[in-house]
Amino acid sequence: MGVKGIMLIVAGLMFAVGFLLVYLAVRRKQRCTEPAVATIVDIKRDTDTDDKGNKSYSYRPVLEYKVGVETFKRTAKARSSDRKAYKVGTQVNIKFNPLKPKEFMTAKQKSGYGKGVILMLIALALAVVTLIFA
């Protein structure tokens, strides 16, 4: 197998991962249909360290919401590098999965389609370039 074959395999794997990201985003959006209001009860700080040892921080809101008599406390996937982006006590519109209420997404949460579509487009471009020039 030559370079052309390896590049096509890489492009195929990239396309498959992109497709999976889009598929999972669509399924999650289909499952999370019931509206609710959650309250930010805490802010979680995540630390990222790059190759040079430099640290950066990002912040995610911890949300609390009620479904029936049950209360759920979950960390949102939304993330910001600005600590002031989230304020404890703020109410947030969410949609949860009625069959599995601990699964939710915020109304402003990006679905994840974009990353998957971009990855698929890059994979297609890589495959075309490989087929034309290799």
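- Among pairs with a residue in residues 3-61, none fulfils ring-ring contact (aromatic ring centres under 6.0 Å, His included), at least two apart in sequence or across chains.
- For the atom pair CG of L20 and CG of L24, the computed distance is 4.5 Å after rounding to the nearest 0.5 Å.
- Under the 4.5 Å side-chain criterion, counting only non-hydrogen atoms from C-beta, I40 is not in contact with V62.
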Problem set entry | CA sep, side-chain torsions, deciding dist, call: L63, V41, side chain to side chain contact (heavy atoms under 4.5 Å, CB included) | CA-CA 6 Å; L63 303 177; V41 293; over 6 Å; no
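- The list of side chain to side chain donor-acceptor pair (under 3.5 Å) pairs with a residue in residues 92-105, not counting sequence neighbours, reads R31-E103, N97-E103.
- Taking the side chain as every heavy atom from C-beta outward, F96 and C32 never approach each other to under 4.5 Å.
- Every residue two or more places apart in sequence or in another chain that forms a ring-ring contact (aromatic ring centres under 6.0 Å, His included) with F72 is listed here: Y65.
- Identified under the ring-ring contact (aromatic ring centres under 6.0 Å, His included) test for residues 28-53, with sequence neighbours left out: none.
- Between T75 and P61 the shortest side-chain heavy-atom distance does not fall below 4.5 Å.
- No side-chain heavy atom of M105 sits less than 4.5 Å from a side-chain heavy atom of I94.
- Residues passing the side-chain contact (heavy atoms from CB on, under 4.5 Å) test with L131, sequence neighbours excluded: K4, L8.
- Partners of M14 under the side-chain contact (heavy atoms from CB on, under 4.5 Å) rule, at least two apart in sequence or in another chain, are V10, L119, I122, A123, L126.
- E70 pairs by the side-chain hydrogen bond (donor to acceptor under 3.5 Å, both in side chains) definition with nothing, not counting sequence neighbours.
- Minimum interatomic distance between V69 and K66 (heavy atoms only, all atoms of both residues): O-CE, 4.5 Å.
- Contacts of A16 classified as side-chain contact (heavy atoms from CB on, under 4.5 Å), with partners at least two apart in sequence or in another chain: none.
- Counting only residues at least two apart or in different chains, side chain to side chain donor-acceptor pair (under 3.5 Å) contacts with residues 39-51 comprise D46-R60, D46-R79, D50-N54.
- Cluster annotation: L124 and V129 are assigned to distinct hydrophobic clusters (Ile/Leu/Val/Met/Phe/Trp/Tyr, side-chain heavy-atom contacts under 4.5 Å, transitive).
- Sequence neighbours left out, not one pair with a member in residues 80-91 passes side chain to side chain donor-acceptor pair (under 3.5 Å).
- Across all non-hydrogen atoms, the minimal contact from G116 to L21 is CA-CB, 3.9 Å.
- Between F104 and E34 the shortest side-chain heavy-atom distance does not fall below 4.5 Å.
- Apart from V37 itself, the hydrophobic cluster it occupies contains nothing, where clustering links Ile, Leu, Val, Met, Phe, Trp and Tyr at side-chain heavy-atom distances under 4.5 Å.
- Going from atom OG1 of T130 over to atom CD1 of I9 covers 11.5 Å, rounded to the nearest 0.5 Å.
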